[in-house]
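Heads up, the thing below is written out as structure tokens.
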Number of protein chains: 2
Amino acid sequence: MVPKVTSWDVARMAGVSRTTVSMVLNKSETVSLSDETRRRVLQAASDLGYKPNSAARMLVRGDTETIGLIISDPAILPIDAFIPQLMHGISQCNREHGYHVLLEGITAGNSANPYESMVESRRIDGMIVLNPRSDDPNLRDLIDRGYPVVLVGSVRHPDELSVNFTTSEGISAAVENLVGLGHRKIGTVPFCRAGLIGTDVRLAVLRRELANHGIELPDSHVEHANFSAESGHHATRRLLERHPDITAIMAGNDTIAIGCISAAHALGRSVPEHLSLVGFDNLPFSPWLTPALTTINVDASLQGKIAAELLIKRLRGEPITERQIKLPTSLVLRASTAQVT
Amino acid sequence: MVPKVTSWDVARMAGVSRTTVSMVLNKSETVSLSDETRRRVLQAASDLGYKPNSAARMLVRGDTETIGLIISDPAILPIDAFIPQLMHGISQCNREHGYHVLLEGITAGNSANPYESMVESRRIDGMIVLNPRSDDPNLRDLIDRGYPVVLVGSVRHPDELSVNFTTSEGISAAVENLVGLGHRKIGTVPFCRAGLIGTDVRLAVLRRELANHGIELPDSHVEHANFSAESGHHATRRLLERHPDITAIMAGNDTIAIGCISAAHALGRSVPEHLSLVGFDNLPFSPWLTPALTTINVDASLQGKIAAELLIKRLRGEPITERQIKLPTSLVLRASTAQVT
DNA sequence: CTGTTAGCGCCTTCAC
DNA sequence: GTGAAGGCGCTAACAG
């Protein structure tokens, strides 16, 4: 079907030995080859469309030039646009560095250690794990054993390699904005129940920032959603029906914010006239929602890129200065927040 | 770091030969092994956490149990939620069948044949190509050579394996709905310029369906966007400024529809009171937009699943009855269309 | 039922 | 500068 061309064919065509072919192609420095030989080999290789068989190469070299991209809960992949942005950053960076990306999903219920088979089968050199549960013992174990892992999220392991956002600036700015507009009764719709690092710290930070302004965030002002617009809609309804006096909501992400807007409408309140709304993530569509969404900006693609760079550094044994990288966030002021009426 | 355990270790622990181990693990039928032996081997393998080294296995068996997922224009990955849904379907199906997914992006500008290196390096057994350009010669060549490819999209090759939607029912129903509501001046904002099978056929179908109702779709009623809400916003503005008498718009996808809504608002028209809007894709967030989006439903996840199944069938040499699979579409009526005023 | 043997295609010393 | 030889870990004949 596709004619199998081996280093043998290249060698014969260039009139040299397979050793020479290998040396030229791997830019080996152990011996000095004539430019002429080098050129002939390269020429033959390109004429034949030769690419070294990756399996053979993996076997002998012991690495795969592939990293695993582990999606902790693949069901949210189609739901929230954050992961695709991350993936884009990751795959782009990997391509630049000559790495491939193997996509793996792990589903929550699975009893066995889901990482073990990925590690043991040696299909990948290391992995980037998206949204790990912050108490995942298998992951902590993997890190303990020194396997190359980079987390987008955290398991609170002192040695972990991870890339996250310092949510404080963004949330602080949002709170400041809201309070400045006269809001005192503020609710929030986190993107999932406790257990992911994102929810936990964001909620804590929000609470702290509100406290700085003398505002309390009682548990009843927190209504959990589940990444999706649908869940955001329902959570907001519950929240607003319980506390009609809430005048502003911090949504866990921009997708949830979509649901907040429609929930408010369903209750006869419009955004921002009767309810101010702040999103989180600044997704590409967020400026174009109606009303344009005020949100906390994070650079998901950059996060992905940096995670990939970190892992590649690790794989290549380069020195790593910062093990837990924090990226900044900022408030993007648009039309979904307004003076309280 | 991670202790390397080989079939040798398993053999020794179980007190058998490596052959036996291999046979047990691959459920070889050529010989009949005693249940006791089988059990001992399995036990040892599991105790040791043994997984066959995938590189060695690939090398000797000549396949990789991996399929390539080729994203033609990776930049749209973070923009439009359609691809993530597809990916979800694909990766799920592959997992069920024991295949892995290698993610590859090809960027338009790249001069060389981007598929060649994937094929030659033998990292994958076959590929699913998302959104190929319908005139991609490299892809046609690959199909000619009998390489296992499944297209999500089409290159109009008679032998291609592809999975697409029969857009007619959905568009026909949408047109019927719009016309029934009294709309006569209808515009459209396709999701990209010509060249992708989706745009080309959808536009043709729309034109035909409108013609059935005696309505013309002049070129000036078509304003191309580029997958994103932003592009949808700008295209809609251009369209509406040029033709203020347009009362209904068919958006190329739901993300673009977001931009249509805000563009209408910016021009002082609200949806659906002053402009009816029909989306395409029925993304998870679409029911929760304000107004809830009337749209054409496609099951992207199913499309992915079927594409994966088709490829796996092909790889396993199973008979393929339908080479070009068409999935149905349907109109989902919600709140973004209304009687023309 | 088990062990021996021969590669899969490549990379890497090591002599020439 | 080049060729021969060994081995990465596994599978699949083929004999015992």
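So that the names make sense, note that chain A is the first sequence line, chain B the second, and so on, each numbered from 1.
- Phosphate contact (OP1/OP2 of dC10(D), side-chain N/O of Y50(B), threshold under 4.0 Å): present.
- Between R61(B) and E65(B) a salt bridge is recorded (basic side-chain N to carboxylate O distance below 4.0 Å).
- The base of dT4(C) sits with one of its N or O atoms less than 3.5 Å from a complementary donor or acceptor on the side chain of T19(B).
- Using a 4.0 Å heavy-atom criterion, one finds that S7(B) contacts the sugar-phosphate atoms exclusively.
- In this structure, N26(A) reaches the dC11(C) phosphate: one of its side-chain N or O atoms is under 4.0 Å from OP1 or OP2.
- Put simply, R57(B) has a side-chain N or O that comes within less than 4.0 Å of OP1 or OP2 on dT11(D).
- OP1 and OP2 of dG9(C) both lie 4.0 Å or more from every side-chain N or O belonging to R18(A).
- For dA12(D), its base never sits under 3.5 Å from the side chain of S22(B) at any donor and acceptor pair.
- T6(B) comes within contact range of the sugar-phosphate backbone alone, with a heavy-atom separation under 4.0 Å but no base atom that close.
- Annotation for S54(B) and S121(A): closest pair OG-O, 2.9 Å, computed over non-hydrogen atoms.
- Of the residues V129(A), L311(A), V155(A), the one that meets the side chain to side chain contact (heavy atoms under 4.5 Å, CB included) test with V149(A) is V129(A).
- Positionally, the nearest nucleotide of DNA chain C for S17(B) lies more toward the 5' end than for the other of S17(B) and R61(B).
- Using a cutoff of 4.0 Å between basic side-chain nitrogens and carboxylate oxygens, E116(A) and R145(A) are scored as salt-bridged.
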